Amino acid sequence: MGKVVPETILSHWNTMVQGMKHSSKSFYDSVEQILGAHNLEHLKVERVNLSEGSILSAKREYLQIRREALVFHICAAPFGNGFFVSWWLGEREKGFSALLARIPVIGFFLRSVLKPLTYYKFDTTGMFQSVTHAAVLETLDAVVNAQGIRALSDLDRKPIMRDFFGRT
């Protein structure tokens with residue numbers, strides 16, 4: 001399958017839990033298990049290494065979750081005296097249509113006629129985000145509860161949304 005880098009970021013979320021001690025591998029295992037219980041079609045899950053900076057920089061392991069053109073990258077790691085979790089949801093174009101989409105007139109035709117935004121696309125993107133975010137929160141809640149650490153506030157639990165698909 002391999003690492004996939006999205007062209008467009010649709011939303012992201014992150015939190016830092018002071019005092020939390022946990023392994024990234026265990027966190028990713030739990031998220032994968034929770035997502036597996038949902039039996040989502042076309043879901044591809046793997047661990048990938050993404051650069052922390054330039055091409056020569058260190059790499060960080062992420063949990064990559066793909067569904068069609070959508071890709072989640074989840075990072076969970078110790079940070080200072082705590083543990084942080086973040087995710088990024090993006091969309092990628094692939095193949096020849098990605099090349100055509102960059103040409104002004106042809107790209108407009110491709111997006112508006114051949115690949116229009118529909119309620120169904122918005123709904124399935126929102127559901128993919130909701131299910132994945134809920135799996136991350138369920139995993140985080142289980143660790144926080146087991147360690148007796150203060151739970152996340154409602155505000156801390158909300159993702160930061162972008163203009164979905166940048167074409168509305």
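These numbers were taken from a predicted model, which means no experiment stands behind them.
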What heavy-atom pair brings E68 and H42 nearest, and what distance separates the two atoms?
OE2-CD2, 3.8 Å

E41 CD: over 12 foreign heavy atoms closer than 6.0 Å:
no

What I'd like to find out is whether the side chain of V136 reaches to under 4.5 Å of the side chain of F27, using heavy atoms alone.
yes

Note: H73 and V4 closest approach over all heavy atoms is CE1-O, 2.8 Å

Nearest non-hydrogen partners of P6 and R92, listed with the distance
CA-CB, 4.1 Å

With a 4.5 Å heavy-atom cut-off, do R67 and M127 have their side chains touching?
no

Is it true that the side chains of S24 and E61 contain a donor and an acceptor less than 3.5 Å apart?
no

How about L137 and L152: do any of their side-chain heavy atoms sit closer than 4.5 Å?
yes

Check whether any side-chain heavy atom of Y28 lies under 4.5 Å from a side-chain heavy atom of T139, and answer yes or no.
no

Side chain proximity check, L89 to T132, heavy atoms < 4.5 angstrom
no

Member of M16, K21, Q18, H22 meeting the side-chain contact (heavy atoms from CB on, under 4.5 Å) criterion with F83:
H22

Residue pair Q64 / V71, side-chain heavy-atom distance below 4.5 Å:
yes

Are the side chain of Y62 and the backbone N or O of F72 linked by a donor-acceptor pair below 3.5 Å?
no

Residues D154, K158: salt bridge by 4.0 Å N-O rule
no

Do you know the tightest heavy-atom contact between G53 and S57?
N-OG, 2.8 Å

Regarding E32 and R47, does a basic nitrogen lie under 4.0 Å from an acidic carboxylate oxygen?
yes

